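Data block below; observations after.
Whatever order the structure lists them in is the order used to number ligands and atoms, beginning at 1. Along the sequence shown, residues are numbered consecutively beginning with 1. From a predicted model like this one, the values you see are computed outputs, not experimental measurements.
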Amino acid sequence: MATATATRTFSKAVARSTASATSSLRLAARSPRSNAAAKQFFQQSSRRHYSSESTPPKSSNTTAIYGSVAAVAALAGGYYYFSTQNTAGQDKKTGSVSVGSAGQSAGIFKPTAADYQKVYNAIAKQLWERDDYDDGSYGPVLLRLAWHASGTYDAATGTGGSNGATMRFAPESEHGANAGLKNARDFLEPIKAQFPWISYSDLWTLAGVCAVQEMSGPIIPWRPGRQDRDVAFCTPDGRLPDASKSQDHIRAIFGRMGFNDQEMVALCGAHALGRCHADRSGFDGPWTFSPTVFTNDYYRLLMEEKWGWRSWKGPKQYEDAATKSLMMLPTDVALIKDPTFKKWVEKYAKDGSLFFKDFSNVLCKLFELGVPFQSKAEDRIQFKPTIDES
Ligand code: HEM
């Protein structure tokens, strides 16, 4: 429903932005209504495109997907044992347990894809209701939490990654790169309380998927199977990228996780969303004029605007010459300094559907790094965005 959807955007972002200057910036600085139009375009084009690719369309055989995932979730150890210590809903006389979203009893609760969709819907509801944060949405910081939980992966040793959610513990929670992510972790606590059977590791990545989809991004296939780990599995500091560095650093960090150049560029397109906070990273400002709507504007702005050093007391960062209200990190500009990276920036600037498709694939890959799934790739769930229902 186009009209209703048009009114449903995380709207503070545009109000905060400075809509003046060059024609391309005017294009980027969409009103909430035109954001919604762009969103609709992207949803339609990218999802249609995506659906014709490796994973089946969400509407045609959802039941089959759900059914197979239900089986897989159980096999994958995605079930949750309710011990007698876990007394939520426990019947004192019989010792049987009745907890979880499906209200199952006696021992083992086996979540189905429908149960994970309930978790998705609960996160989405909170995203829409709690719009008094930052640019009007917790979406960007939720995505950043999921990425930082996953981006510690080291392919050589098989350590790190989203399996474990070790950022719950110091020292990992106190790593400089994770500053501000407590906002996201705290946001998800009531959801965890509502669905105690889901692991934090699954919850955080599912929240990343929900954030992208609810901010009008592509469908990101997802599957359960992550197990939480204890403090001993915290990763050493320094595994996440340093924004003050150049292309060699980007290749070293993302190469360690197993990504190629194209995938690195696609991942960085997430910077269409959110902003830098001086009290977190030291950097300051948003990358785009619509930081709560997923678009390919990051690439368009990189290509179309003139970027010069900002003159200020903070860390070295770029600003757009025209409005001086947008920013780029040194690692962002490295994507147009490096000829191979730049080829992909150009492609994604021109073709939003290609970006959506590639981003979906690469984010799915990022969230699965190092997870010992017993399930198959084709058993991934495609969550239905609540934004489609409005
Ligand atoms: C070279 C790689 C990258 C570097 C150096 C980098 C660096 C940063 C920095 C410095 C911030 C600002 C944090 C703050 O002050 O709150 C940020 C924010 C963000 N990053 Fe990245 N990032 C990289 C890649 C990625 C990737 C791969 C993703 C996701 C797939 C991502 C998603 C985000 C999001 C959504 C935000 C906004 C968070 C918010 O608004 O609270 N970044 N990034």
Donor + acceptor pair across side chains of Asp242, Ser244 (<3.5 Å): yes

Atom 39 (C) of ligand 1 [closest protein heavy-atom partner, distance rounded to 0.1 Å]: Arg275 O, 3.6 Å

Within 6.0 angstrom of Lys365 NZ, more than 12 heavy atoms from elsewhere: yes

For atom 16 (O) of ligand 1, closest protein heavy-atom neighbour: His277 ND1, 2.7 Å

Sub-4.0 Å atoms of ligand 1 with respect to non-hydrogen atoms of Ala243: 5 (C)

Any side-chain donor near an acceptor of the partner, Asn178 and Glu174, under 3.5 Å: no

N, O or S atom of His271 closer to atom 21 (Fe) of ligand 1 than 2.8 Å: yes

Nearest neighbour in protein (non-hydrogen) for atom 30 (C) of ligand 1: Ala270 CB, 3.6 Å

Over-ring placement of Arg380 relative to Phe373, 6.0 Å and 45° cut-offs: no

Nearest non-hydrogen protein atom, atom 17 (C) of ligand 1: Arg144 NE, 3.3 Å

Residue part near ligand 1, for Leu329, under 4.0 Å between non-hydrogen atoms: side chain

Verdict with reasoning, Trp222 to Tyr120, per ring-ring contact (aromatic ring centres under 6.0 Å, His included): CA-CA 11 Å; Trp222 178 92; Tyr120 176 103; 9.9 Å; no

Part of Leu267 with heavy atoms under 4.0 Å of ligand 1, whether side chain, backbone, both or neither: both

Identity and distance of the protein heavy atom lying nearest atom 10 (C) of ligand 1: Ser281 CB, 3.7 Å

Any Asn183 side-chain heavy atom under 4.5 Å of Arg280 side chain: yes

Close side-chain approach of Trp287 to Met327, heavy-atom, < 4.5 Å: yes

Under 4.0 Å to a heavy atom of Phe254 - the qualifying atoms of ligand 1, by number: 1 (C), 2 (C)

Best match, Gly274, Pro140, Gly176: closest heavy atom to atom 35 (C) of ligand 1: Pro140

Minimum-distance protein heavy atom relative to atom 2 (C) of ligand 1: Pro241 CG, 3.5 Å

CA sep, side-chain torsions, deciding dist, call: Phe294, Phe359, ring-ring contact (aromatic ring centres under 6.0 Å, His included): CA-CA 11 Å; Phe294 194 84; Phe359 185 80; 4.8 Å; yes

Residue portion contacting ligand 1 (non-hydrogen atoms closer than 4.0 Å) for Leu363: side chain

Met328 with Trp309, same ILVMFWY side-chain cluster at under 4.5 Å: yes

Minimum non-hydrogen distance to atom 24 (C) of ligand 1, winning option of Trp147, Phe359, Trp287: Trp147

For atom 12 (C) of ligand 1, the protein heavy atom that lies nearest, with its residue and separation: Cys276 SG, 3.4 Å

Close side-chain approach of Tyr298 and Leu335, heavy atoms under 4.5 Å: yes

